[in-house]
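Accompanying notes for the structure given below.
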Number of protein chains: 2
Amino acid sequence: MQQLDNTFTALSDVTRRAIVARLADGEQSLSKLAEPFEMSQTAVSKHVRVLSDAGLVIVEKRGRIRHCKLDAAPMKEAIDWLKYYEAFWADKFASLTKHLAKD
Amino acid sequence: MQQLDNTFTALSDVTRRAIVARLADGEQSLSKLAEPFEMSQTAVSKHVRVLSDAGLVIVEKRGRIRHCKLDAAPMKEAIDWLKYYEAFWADKFASLTKHLAKD
DNA sequence: TTAATACTAAACCATATAGTTCAGTATTAA
DNA sequence: TTAATACTGAACTATATGGTTTAGTATTAA
């Protein structure tokens, strides 16, 4: 429950989703990760902390460098929660009539 | 992008997820919806507003009653976003090959 | 016509979030 | 040994969020 809160909250920010997307291409140091964003490294560090608290990113310190890598496992719970509602949009006919009813 | 923000934010609260779950069983008036929660109707009304702004709930006024119904469609975008990362937990081998393929 | 119902709006409060800057620590390179 | 790098922590700011209460409106029932 709290895990779902953390996962959805972590993913509700566009910067954090971008961090996740970048980490899908492989491990990155925190500073490399911060480079493309138009905000301080401290700000990115805090975003990584939110992701790390949610278990979506694992940070490992080797020397002075923090290596960040993705752990998508907590997303499973979120996707399972969402999948329950798939029936409410997946049915094309239901979806169409629902759409037409919008007028 | 903003839609994804809205969807994930809307679903990051346990009360709002409970509202969604109840609406999956069918349309409900706002007051009926508010009954089981240990907070004011005003608070529930605000939660419904967040869900409605995210497009997850459609509120229709008939007489003095606001009928709330689920529209799960915006969840599709969220589930699609999450599905991209399924490979990173669903299958260790797939995750590895995906990672290697990125080079 | 009056009273009850089903809300919304506004004002307020406490805490959380997203950002900043500045100072400090740990590690590595020169 | 000194200087640079890669961070974190603390203090601060502005705005958002989740809740409250009070007051008011629209609709229905008596």
Side-chain angles (χ1 to χ4, degrees), chain A residues 1-23 26-70 74 78, chain B residues 1-23 26-70 74 78:
Chain A
M1 197 111 303
Q2 187 57 53
Q3 181 53 58
L4 259 185
D5 279 12
N6 291 344
T7 304
F8 280 126
T9 301
L11 298 178
S12 69
D13 183 274
V14 70
T15 301
R16 286 193 295 263
R17 286 199 306 276
I19 289 172
V20 166
R22 301 232 348 256
L23 291 178
E27 194 172 291
Q28 285 275 332
S29 72
L30 212 151
S31 37
K32 283 284 174 196
L33 209 49
E35 262 175 17
F37 296 108
E38 290 191 345
M39 63 181 75
S40 67
Q41 206 205 52
T42 306
V44 174
S45 173
K46 282 184 177 187
H47 279 304
V48 168
R49 173 58 92 97
V50 172
L51 289 164
S52 154
D53 286 348
L56 288 162
V57 166
I58 292 162
V59 182
E60 197 182 330
K61 188 186 169 191
R62 294 202 293 274
R64 64 185 162 182
I65 295 171
R66 266 75 171 179
H67 298 268
C68 307
K69 70 179 173 203
L70 183 63
Chain B
M1 196 111 304
Q2 188 57 52
Q3 181 54 57
L4 260 185
D5 278 13
N6 291 344
T7 304
F8 280 126
T9 300
L11 298 177
S12 70
D13 183 273
V14 70
T15 302
R16 287 192 294 262
R17 286 199 305 277
I19 289 172
V20 167
R22 301 233 347 260
L23 291 179
E27 194 172 292
Q28 284 276 330
S29 72
L30 212 150
S31 37
K32 282 284 173 196
L33 209 48
E35 262 174 18
F37 296 109
E38 289 190 344
M39 63 181 73
S40 66
Q41 205 206 54
T42 306
V44 174
S45 173
K46 282 184 176 188
H47 280 305
V48 169
R49 172 59 91 98
V50 172
L51 289 164
S52 153
D53 286 347
L56 289 162
V57 166
I58 292 161
V59 182
E60 198 181 328
K61 188 185 169 193
R62 295 204 290 276
R64 63 183 164 185
I65 295 172
R66 266 74 172 180
H67 297 268
C68 307
K69 68 178 174 200
L70 184 62

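Small disclaimer: the values here were computed from a predicted structure and weren't measured. Heavy-atom basis, side chains included; hydrogens, waters and symmetry copies ignored.
Between A:H47 atom NE2 and D:dT8 atom C1' the separation is 16 Å, expressed in whole Å. Taking atom CD of residue B:E60 and atom P of nucleotide C:dA6, one finds them 18 Å apart after rounding to whole Å. A straight line from CE of A:M39 to C1' of C:dT17 spans 13 Å, rounded to a whole angstrom. Rounding to whole angstrom units, CG of residue A:D5 and C1' of D:dG18 are separated by 13 Å. Rounded to an integer number of Å, the gap from A:E35 CD to D:dT5 P is 13 Å. Atom-to-atom, CZ of B:R64 to P of C:dA6 comes out at 6 Å; the value is rounded to the nearest Å. One atom, CZ of A:F37, and another, C1' of C:dG19, lie 15 Å apart when rounded to the nearest Å. Going from atom CG of B:D53 over to atom C1' of D:dG18 covers 15 Å, rounded to whole Å.
A donor and an acceptor atom, one from each side chain of B:E35 and B:S31, are nowhere located under 3.5 Å apart.
Among B:R66, B:K32, B:R62, B:R22, the one residue that satisfies the salt bridge (Lys or Arg N to Asp or Glu O under 4.0 Å) test with B:E27 is B:R62.
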Would you tabulate the nitrogen or oxygen pairs shorter than 3.5 Å linking the protein to nucleotides 8-15 of chain C?
residue, atom, partner, partner atom, Å
C:dT8, OP2, B:S45, OG, 2.4

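Of the candidate nucleotides C:dT20, C:dT27, D:dC7, C:dT20 has the atom lying nearest to any side-chain atom of A:S40. Nearest nucleotide to the side chain of B:I65, out of C:dT27, C:dA6, D:dG19: C:dA6.
Put simply, the side chain of B:T9 never gets that close to the backbone of B:N6: no donor and acceptor are under 3.5 Å apart. The closest donor-acceptor contact from the side chain of A:Q28 to the backbone of A:K69 lies at 3.5 Å or more, if one exists at all. No side-chain donor-acceptor contact under 3.5 Å links B:S45 to the backbone of B:Q41. Within the 3.5 Å criterion, the main-chain N or O of A:L11 finds no donor-acceptor partner in the side chain of A:R16.
Using a 4.0 Å heavy-atom criterion, one finds that B:S31 contacts the sugar-phosphate atoms exclusively. Using a 4.0 Å heavy-atom cutoff across all strands shown, B:R16 reaches sugar-phosphate atoms only and no base atom.
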**Fill in**
Writing each nucleotide of DNA chain D 5' to 3' as (, ), [, ], | or . by Watson-Crick or G-U pairing under 3.5 Å yields ||||||||||||||||||||||||||||||

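Between the CZ atom in B:F37 and the NE2 atom in B:H47 there is a gap of 8.5 Å [rounded to 0.5 Å]. Interatomic distance, CG of B:L33 versus CG of B:L23, reported as 5.0 Å (0.5 Å rounding). Atoms OG1 and CD, from B:T7 and B:Q2 in turn, are 9.5 Å apart once rounded to the nearest 0.5 Å.
In terms of position along DNA chain C, the nucleotide closest to A:S12 lies nearer the 5' end than the nucleotide closest to the other residue of the pair A:S12 and A:G63.
OP1 or OP2 of C:dT27 sits under 4.0 Å from a side-chain N or O of A:K61.
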